[in-house]
Peer 1: 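Below is the structure I would like to discuss, written out as structure tokens.
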Protein chains: 2
Amino acid sequence: MEKGEEVRNRQVLLRDYVTGLVKETDMILSTAGSIRLKVPASSKAILVKNLYLSCDPYMRGRMTKLDCPSYIDSFLPGSAITGFGVSKVLDSDHPEFREGDLVGGMTGWEEYSLIQMPQFLFKIHHTDVPLSYYTGILGMPGMTAYFGFYEVCSPKKGEYVFISAALGAVGQLVGQFAKLMGCYVVGSAGTNKKVDLLKNKFGFDEAFNYKEEHDLDAALKRYFPEGIDIYFENVGGKMLDAVLLNMRLHGRISVCGLISQYNLEHLEGVHNLFCLISKRIRMEGFMVADYFHLYPKFMEFTLPLIREGKIVYVEDTTEGLESGPAALVGLFSGCNVGKQVVVVAKQ
Amino acid sequence: MEKGEEVRNRQVLLRDYVTGLVKETDMILSTAGSIRLKVPASSKAILVKNLYLSCDPYMRGRMTKLDCPSYIDSFLPGSAITGFGVSKVLDSDHPEFREGDLVGGMTGWEEYSLIQMPQFLFKIHHTDVPLSYYTGILGMPGMTAYFGFYEVCSPKKGEYVFISAALGAVGQLVGQFAKLMGCYVVGSAGTNKKVDLLKNKFGFDEAFNYKEEHDLDAALKRYFPEGIDIYFENVGGKMLDAVLLNMRLHGRISVCGLISQYNLEHLEGVHNLFCLISKRIRMEGFMVADYFHLYPKFMEFTLPLIREGKIVYVEDTTEGLESGPAALVGLFSGCNVGKQVVVVAKQ
């Protein structure tokens, strides 16, 4: 294809705002659209071909009509959804980008995207690691794990660390960061296969299948007879209530996500907040966007760990934009084993 | 009476562990006991006459059979309850205390107490302020307000501060500390009389009667159109849920108490914890006992403010040990206007 050519541009559109459990049919694969592979003059925009798209739990929130300006905008029904991805620049009117550059950051769930504000993208300089890694371990989820653990949890060597949704894109990295620091690390996940991976591939000290535990409090007491210093919270609800009962004095809970709640029409209540007082717990929410300016610091730490094989990373990839809706919906029933990526094109 | 004399020692006993709403009849005034006004030789103990007893919400927790070693022991059914108080030393076998000393700290709800570990008491050196102040503004509640606000809330000039149970022993001081710092301060309380005091005596910018608000979220939006930077949490439950919706980015919630929950058999759930993430809120529990070693620093700050009239303090006193159970129970229905003190004896 040539620059300026008009091509088909398949897109994943949001049908309408979603209530309750998100379904594949809440999204539509549209084949009607086309795009001209040229950036309008003086637009400061870039035109990219999307290669890898990231499926992340926070995207569920954007499918609801939100009134939460501090967080993130809702998707627009009838328009392509957006998310983090890896893309290749086909044309640029922006001085910092040129044809052939590889970029990471927010893009559309479509084959090609015109990005009006490319200054929020980062350029990919290191291609000796798989490009898809920039949707995960070297992208937003990786930074979430890194800053959420090191900055928010204030970890110390030897501390007891618990991670829920531990095989997710973020959890698997938090656990490995905690092990590198000399912590005792236990993770929970929703299948025995994931539990096995956590223990035997990711080096967690212990892991358990929360779906097989009738009493989460008892399960945590089994794995943490002396209690939990740090809880990296990805799920919320009943797990948080059980964790609160098992925290140690001056424990820290970094609240990264509450995936158990995202598809509920009526949120579960958390009942054991009194433990915050009796155990002097600090519970702190964070958003990785606040740390995006520290991307170089994060890369300097993480890239060598990958290259030296000191950190393991597992992806779950599906092929084709058309596989996107099922992959995204699958996050919420825990279908993915590791970071969920949609491969739109390989180059 | 003479040293060594055996005298009547009336006591307030806990009848049995309490479930649900505490009632006066959960305590018994016993007139059967007596005590010899002399410390056993080589005991390192002291014997005190109790003057002022402090009624504090945390005492409700001690009436329940707790299994929370990090917090505090339960009271023993059939024994005198204990709490903070101001007492006069009648006899001492401890080198740091002598007859006639005035002391503050944990004592029994009885006329006289034999205190086995007096090293945890503090000596009262300044008697130009009312002695009863050492159960409140110059005692545990004062330190709770001081360290809970300055250490846990990380306040900055001009910030928006909300305080629940704002006329309580702690709340009234937090509000004044916040005003001294140049914050905008709003308090909630449960009667219009209290609201009036907060605005017209304590210098709060605004106050409201939460019992007259059907929609706490709407009430908070009215008083904080730009949101809340700091919430000093004394009540929990529905108020916390409404506050979470109204917090600003990077807000702080210092969790001091959850009085709305102390008499419930089934704790209310808190549903809006997602706001911790979207607004990057730090929510932190604390216990004043962790700061007791900093008492001199606290006194250095607070005593001059009282002497110079820069801080107002309101007590609600009842006379006689026999009035204690009703005064203590009254805390939970908000009967007290200001710090609730039981006067056992004036000297």
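In what follows, chains carry the letters A, B, and so on, assigned in the order in which the sequence lines appear, proteins first and then strands, with residues in each chain numbered from 1.
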Peer 1: Let me know if B/L273 has heavy atoms under 4.5 Å from chain A in its side chain, its backbone, both or neither.
Peer 2: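 Interface part for B/L273: both.
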
Peer 1: Counting only heavy atoms closer than 4.5 Å, note whether A/L245 contacts chain B via side chain, backbone, both or neither.
Peer 2: neither

Peer 1: Are any of the side-chain heavy atoms of A/E213 and A/S188 separated by less than 4.5 Å?
Peer 2: no

Peer 1: Applying a heavy-atom distance below 4.5 Å, give me the residues of residues 252-261 of chain A that approach chain B, sorted by number.
Peer 2: A/V255, A/C256, A/G257, A/L258

Peer 1: With a 4.5 angstrom heavy-atom cut-off, is it the side chain or the backbone of B/H266 that approaches chain A, or both, or neither?
Peer 2: neither

Peer 1: I'd like to check A/F301 versus A/F177 (side-chain heavy atoms, cut-off strictly below 4.5 Å). Are they in contact?
Peer 2: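 Yes; the side chains approach each other to less than 4.5 Å.
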
Peer 1: Is any NZ, NE, NH1 or NH2 atom of the basic residue among A/E151 and A/K297 found under 4.0 Å from an Asp or Glu carboxylate oxygen of the other?
Peer 2: yes

Peer 1: Hey, which of A/H250, A/R282, A/E268, A/E233 has the most heavy atom pairs under 4.5 Å with chain B?
Peer 2: A/R282

Peer 1: Is any side-chain N of the basic residue among A/D56 and A/K339 closer than 4.0 Å to the acidic one's carboxylate O?
Peer 2: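 Looking at A/K339 together with A/D56, the answer is yes, because their closest N to O distance falls below 4.0 Å.
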
Peer 1: Based on non-hydrogen pairs under 4.5 Å, which of B/L276, B/V270, B/V152 is most in contact with chain A?
Peer 2: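 Winner by heavy-atom pair count: B/V270.
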
Peer 1: Under 3.5 Å, side chain of B/R248 to main-chain N/O of B/E226, donor-acceptor pair present?
Peer 2: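 At least one qualifying donor-acceptor pair exists.
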
Peer 1: Run the numbers on B/F224 and B/Y184 for side chain to side chain contact (heavy atoms under 4.5 Å, CB included), then give the verdict.
Peer 2: CA-CA 9 Å; B/F224 294 99; B/Y184 175 82; 4.0 Å; yes

Peer 1: Please determine if A/K238 and A/D241 form a salt bridge, counting it only when a charged side-chain N lies under 4.0 Å from a carboxylate O.
Peer 2: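 The answer is no: the pair does not qualify as a salt bridge.
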
Peer 1: Would you mind telling me which of A/F286, A/Y291, A/F232 makes a ring pair (Phe, Tyr, Trp, His ring centres under 6.0 Å) with A/F147?
Peer 2: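 Of A/F286, A/Y291, A/F232, ring pair (Phe, Tyr, Trp, His ring centres under 6.0 Å) with A/F147 is met by A/Y291 alone.
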
